[in-house]
Amino acid sequence: MPESAAEIYARAVEAAGADGRLPTPPIGDWEVFPWEAVDGAVVPKVLAPPTEPAPRTGEEGGPPCGTCGDLDPATVVWEDEYWVLTHRGAPSGLPLVLTLWTREHLDVGDLDDDLASQLGRISNRLVRIMHGLPDIGRVHVNRWGDGSAHLHLWFFARPRGLEAVKGSYAVEWDEILPPGPEDVWRADLHTVAAKLANWGGHARA
Ligand SMILES: [Zn+2]
């Protein structure tokens with residue numbers, strides 16, 4: 001069962017520096033990170049001029065698709081004939097972060113009505129299952145698709161009671177907060193996999 005807000009807070013305080021702040025995660029160096037400090041104030045970066053976009057992974061002219069090529073079986077939480085649910089290999093700052101992929105190399109918008117219906121049903125079940133874990137406040141469902149062309153939806157379970165960790169910023173706190181305990185994370189993966197398999201497919205975690 002996921003950690004409570006108090007447990008996560010205690011872990012963050014333990015990992016913080018003397019000023020109470022956690023270190024800036026690597027996303028601070030990402031080209032797409034939109035903020036920078038100027039004269040002690042946080043301000044938007046100057047917008048870069050337009051360029052021709054680089055092809056995504058798994059797109060024509062881009063690097064080969066890692067999902068079709070070598071999806072690590074150790075990261076699979078649940079799967080069926082058409083879908084694969086994965087974790088990222090290790091706990092992160094939020095209690096649970098999962099990614100749902102099509103087995104076939106398709107993107108959002110490419111699904112026929114059958115697959116689109118399956119996506120809706122699996123997403124709905126997954127949100128209900130993850131939100132049903134103790135101390136989960138919300139499950140955010142996201143699709144960006146700016147890195148890989150292979151359809152993947154993100155499910156971010158954020159803790160209940162940490163009011164700073166909400167909305168789209170919960171995704172950034174996932175990088176900022178120190179990762180939680182592996183045994184807790186593994187047990188929660190097992191619970192999610194087993195419950196999802198009640199409707200079909202195979203639990204792998
Ligand atoms: Zn692919």
Side-chain angles (χ1 to χ4, degrees), residues 25-27 29-34 48 50-131 139-158 168 170-172 174-175 179 182 185-186 188-205:
I27 53 170
D29 298 326
W30 288 9
E31 208 175 307
V32 292
F33 191 73
T51 54
E52 189 56 33
R56 299 176 294 170
T57 301
E59 203 163 55
E60 198 181 334
C65 179
T67 310
C68 290
D70 63 41
L71 186 67
D72 181 0
T75 64
V76 176
V77 176
W78 169 93
E79 61 187 324
D80 72 3
E81 193 180 347
Y82 302 103
W83 301 92
V84 184
L85 182 70
T86 62
H87 60 69
R88 290 187 295 178
S92 55
L94 293 180
L96 214 50
V97 179
L98 300 175
T99 316
L100 182 66
W101 308 79
T102 42
R103 198 171 280 289
E104 200 182 340
H105 189 91
L106 299 168
D107 203 349
V108 175
D110 293 340
L111 303 184
D112 62 23
D113 284 354
D114 274 351
L115 273 179
S117 304
Q118 290 177 27
L119 177 61
R121 287 196 293 270
I122 294 168
S123 299
N124 189 54
R125 288 167 192 157
L126 194 50
V127 167
R128 190 163 61 221
I129 290 166
M130 292 170 77
H131 196 180
V139 179
H140 298 304
V141 183
N142 293 279
R143 181 267 181 172
W144 289 284
D146 282 339
S148 167
H150 193 125
L151 184 150
H152 57 297
L153 250 62
W154 293 89
F155 296 80
F156 293 90
R158 69 153 176 84
S168 61
V171 176
E172 294 182 41
D174 185 47
E175 304 283 341
E182 174 142 6
W185 177 73
R186 294 249 171 230
D188 292 335
L189 289 173
H190 176 74
T191 301
V192 170
K195 289 194 169 182
L196 200 53
N198 283 338
W199 282 280
H202 307 281
R204 303 294 191 207

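Each ligand, and each atom within it, is numbered from 1 in the order the structure gives.
- Counting only protein atoms, the N, O or S atoms lying less than 2.8 Å from the Zn ion (ligand 1) are Cys65 SG, Cys68 SG, His105 ND1, His150 ND1, ordered by chain and residue number.
- Residues passing the ring pair (Phe, Tyr, Trp, His ring centres under 6.0 Å) test with His190, sequence neighbours excluded: none.
- Judged as a side chain to side chain donor-acceptor pair (under 3.5 Å), the pairs with a partner in residues 109-129 (not counting sequence neighbours) are, in order, Trp83-Gln118.
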Under 3.5 Å donor-acceptor pairs involving side-chain atoms of residues 197-205, not counting sequence neighbours:
from	atom 1	to	atom 2	distance (Å)
Arg204	NE	Glu79	OE2	2.6
Arg204	NH2	Glu79	OE2	3.3

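- Between Leu100 and Leu119 there is a side-chain heavy-atom pair separated by less than 4.5 Å.
- By the 30° and 60° cut-offs, the orientation of the rings of His152 relative to Trp101 is parallel.
- In this structure, His105 contributes its side chain and Gly58 its backbone to a donor-acceptor pair below 3.5 Å.
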